[in-house]
Asks: 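Below you will find the structure I want to go over with you.
These numbers come from the heavy atoms of this one structure, side chains and all, not from hydrogens, waters or symmetry mates. Here the structure is a predicted model, which is why all the values come from computation and not from measurement.
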Amino acid sequence: MGSTSAENSTNGNAGVGRRELIKRSAAVGLAAVPATGFLSACASGGGDSSDDSTKGTASKENPFGAAKGSKLDVVIFKGGYGDDYAKAWEADFQKKLGITSTHTGTQEITGKLQPRFNAGNPPDIVDDSGAQQIKVDVLYKNGQLLDLAEVLDAPAVDDPGKKVRDLIIPGTLDAGLQEGKIVALNYIYTVWGLWYSGKLFKEKGWEEPKTWDDFLAICQDAKKQGIGGLAHQGKYPYYINVAIMDLIAKKGGLDAMKAIDNLDPKAFVGSDAAQAGVEAIYEVVEKGLLMPGTNGLTHTESQTRWNQYKAAFITCGSWLENEQLKQTPADFDMKFMPMPLLPGSALPFQAIRAGSGEPFIIPAKAKNLPAAKEFMRRMLSKEWSTLFAKEANSLTILKDGVDPSVKLRPGTQSTVEASKAAGDDTFRYLYTEWYSEMGAAIEAASNELMAKRIQPKEWLKRAQAAVDKQAKDPASKKNHRD
């Protein structure tokens, strides 16, 4: 998969600042795999669990007193962005602070880390992403996460007169919010939407569709020529929800999006926007415009067939290009585009879902908290942000954080251009971060919808039932978007 992500709530901005950069590829979201019964054994609270060997002398350059000669245990989700960027960070950390790292790059985040969390022996810093992500809301509820306020309020590496949080793109921290606390740093600037091959479109004489009718017309033309219309990553319905939820937000505006995040009793049933969005996707199914077999494929299988020109479009976040580097023909000319508009949409065509993904967490029981905090502080420096961009072909949440000399690949560059075109017309759901169980229930309904086992009316009922169930949890009152 790619990675993960989310955005914008407490400050009242509905979107993310000026969508100044974009590409945080990833993140956010991979498929939501419910973490049932996770961590019941060990719900430790916060508190500094570091022993004396990890406590050094604090200074202006080392505000947390990370100790020279100590060790840092780093676990990185090795997905669309790989893990070379983290190795580069670790090498610099050792060079500058004399702190060595134990590095684990894996896609088996839950498998490798659940036993460690349960035993009270977690790593020091984790890129908690991918299909097997440990859900951040579950970790938070079990007292497993450090409140990152201390890191965000520390002096910024590049401008010690400012706090770290002052140099971050507005709104991008909101993805890591749980009950008003930032407990995950979503590091990569990401957009979500539709993707296509510039080469294929040029050959077929197709133009980027701005309306849903134009989108369907291309899918129908593709079908006549033996090409699938829309591909999606069937085994991970997170991805088709990108399309459904984008259509809902663009049709009904920010109020329709916030109704879902705020668990409104008419978030789905009784929402004209939700009905229009799900009916539009179902029309693709009913008319046979899906890429054949796409419902049974994993993310990489579906994406690879798309790379082989077996479908005109695919839904995904901006980690797609990185994830498909080996499968993408050199002349494919990967392009990102916003979701086309349904009739009477409240938001313009240029509006995109944008924000941050790829959540980095510091476990509350980390053995080397001072070094973990300092490592995260340095992640938000121009030097480390540029290292990331070079290795991972993606932008970070740091304002102007990537050196202009870094050349981005075509697909990623197209997300940068889409972000600039969107300006302030960006939006971002937060229910995926706040309520993973509800998110999984909506995905399950979408899986049934795409297989034609249920129709839009039933999908709306199931999605609303998931909202209503979540709303009964008293803790949900602590999360709210204005």
Side-chain angles (χ1 to χ4, degrees), residues 6-13 16-17 20-21 24 44-50 54-67 70 72 74 89 93 96-97 99 124-128 136 139-140 143-189 355-385 388 396-401 430 433 478-479 482:
E7 232 44 60
N8 233 284
S9 87
T10 54
N11 53 16
N13 298 335
V16 171
E20 277 146 293
L21 263 175
R24 174 284 179 190
S44 68
D48 195 320
S49 62
S50 303
T54 66
K55 289 177 181 170
T57 304
S59 66
K60 200 180 286 186
E61 292 75 29
N62 183 11
F64 301 114
S70 65
L72 190 69
V74 181
W89 289 347
F93 203 56
K96 292 196 172 114
L97 278 87
I99 297 172
D124 296 313
I125 191 163
V126 181
D127 170 16
D128 179 27
V136 172
L139 286 167
Y140 172 75
Q144 301 285 356
L145 298 180
L146 189 73
D147 183 339
L148 301 179
E150 191 179 353
V151 176
L152 297 169
D153 289 332
V157 174
D158 299 311
D159 185 353
K162 293 183 177 176
K163 295 177 180 179
V164 169
R165 68 169 77 240
D166 295 335
L167 302 185
I168 291 171
I169 295 171
T172 51
L173 290 175
D174 292 348
L177 274 171
Q178 295 289 333
E179 298 182 355
K181 299 176 184 175
I182 305 289
V183 294
L185 181 78
N186 284 259
Y187 185 69
I188 301 172
Y189 190 69
S356 56
E358 209 76 10
F360 282 76
I361 57 173
I362 297 177
K365 281 198 161 187
K367 294 288 186 294
N368 195 347
L369 279 172
K373 293 174 191 174
E374 181 60 20
F375 191 88
M376 185 173 280
R377 185 178 81 100
R378 287 172 186 252
M379 284 169 57
L380 294 163
S381 67
K382 286 191 176 182
E383 184 178 10
W384 280 26
S385 180
F388 179 84
T396 73
I397 61 170
L398 190 68
K399 288 180 195 169
D400 303 317
L430 289 174
E433 277 62 43
K478 298 176 183 176
N479 290 320
D482 297 324

Asks: Of all the heavy-atom pairs spanning S356 and I397, show the shortest one and how long it is.
Replies: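 Minimum heavy-atom separation between S356 and I397: CB-CG2, 3.6 Å.
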Asks: Under the side-chain contact (heavy atoms from CB on, under 4.5 Å) rule, what do E179 and N479 come out as? Steps first, then yes or no, please.
Replies: CA-CA 5 Å; E179 298 182 355; N479 290 320; 4.2 Å; yes
Asks: To the nearest 0.5 angstrom, please state how far the CG atom of L185 sits from the CE atom of M379.
Replies: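 L185 atom CG to M379 atom CE measures 5.5 Å (nearest 0.5 Å).
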Asks: Does E383 have any side-chain contact (heavy atoms from CB on, under 4.5 Å) partners at least two apart in sequence or in another chain, and if so, which?
Replies: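 Once residues adjacent in sequence are excluded, the partners of E383 under the side-chain contact (heavy atoms from CB on, under 4.5 Å) criterion are D92, K96, S381.
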Asks: At their closest point, which heavy atom of I361 faces which heavy atom of A184, and how far apart are they?
Replies: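 What the structure gives for the nearest pair is CG2-CB, 3.8 Å.
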Asks: Working to the nearest 0.5 Å, report the span between CD1 of I362 and CG of L369.
Replies: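 Separation between the atoms: 7.0 Å.
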Asks: Roughly how far, to the nearest 0.5 Å, is the CG atom of L380 from the CG atom of D166?
Replies: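 If we round to the nearest 0.5 Å, D166:CG and L380:CG are 12.0 Å apart.
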Asks: Tell me, with the steps shown, if V183 and L139 meet side-chain contact (heavy atoms from CB on, under 4.5 Å).
Replies: CA-CA 10 Å; V183 294; L139 286 167; over 6 Å; no
Asks: Indicate yes or no for a side-chain donor-acceptor contact from W89 to the backbone of W384 under 3.5 Å, with no hydrogens or angles considered.
Replies: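 Confirmed, W89 side chain pairs with W384 backbone.
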Asks: What closest approach, in Å, do V126 and P363 show between heavy atoms, and which atom pair accounts for it?
Replies: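 Taking V126 first and P363 second, the nearest heavy atoms are CG2-CG, 4.4 Å.
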Asks: Let me check something: any side-chain donor-acceptor pairs from residues 147-161 under 3.5 Å, sequence neighbours excluded? List them with distances.
Replies:
residue	atom	partner	partner atom	Å
D147	OD1	A149	N	3.0
E150	OE1	K373	NZ	2.8
D153	OD1	R165	NE	2.7
D153	OD1	R165	NH2	3.3
D158	OD2	K382	N	2.7
D159	OD1	G161	N	3.3

Asks: Do you know the tightest heavy-atom contact between S70 and N368?
Replies: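 That closest heavy-atom pairing would be OG-ND2, 3.1 Å.
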Asks: Could you walk me through whether L167 and L398 satisfy the side-chain contact (heavy atoms from CB on, under 4.5 Å) test, starting with their C-alpha distance in whole Å, then the side-chain angles of each, then the deciding distance to 0.1 Å, before giving a yes or no?
Replies: CA-CA 6 Å; L167 302 185; L398 190 68; 4.0 Å; yes
Asks: Using 30° and 60° as the class limits, which term best fits the ring planes of F360 and Y187: parallel, tilted or perpendicular?
Replies: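 It falls in the perpendicular class, over 60°.
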Asks: Working to the nearest 0.5 Å, report the span between CD1 of I182 and CG of L146.
Replies: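 One gets 12.5 Å once the value is rounded to the nearest 0.5 Å.
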Asks: Does any N or O in the side chain of D124 come within less than 3.5 Å of the main-chain N or O of K367, such that one atom is a donor and the other an acceptor?
Replies: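 Side chain of D124 to backbone of K367: a pair is present.
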Asks: What closest approach, in Å, do A372 and L72 show between heavy atoms, and which atom pair accounts for it?
Replies: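 Scanning both residues completely, I find the closest heavy atoms to be N-CD1, 3.6 Å.
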Asks: State, with a plain yes or no, whether a side-chain heavy atom of D128 is found less than 4.5 Å away from one of V136.
Replies: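 A side-chain contact under 4.5 Å exists here.
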Asks: Hey, does the side chain of Q178 reach the backbone of E433 with a donor-acceptor pair shorter than 3.5 angstrom?
Replies: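 Yes, because the side chain of Q178 sits within donor-acceptor range (under 3.5 Å) of the backbone of E433.
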Asks: What's the shortest heavy-atom distance between A66 and I99, and which atoms?
Replies: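 That closest heavy-atom pairing would be CB-CD1, 3.6 Å.
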Asks: If the condition is side-chain contact (heavy atoms from CB on, under 4.5 Å), which residues does S59 pass it with, not counting sequence neighbours?
Replies: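 Per chain and number, S59 pairs via side-chain contact (heavy atoms from CB on, under 4.5 Å) with E61, N62.
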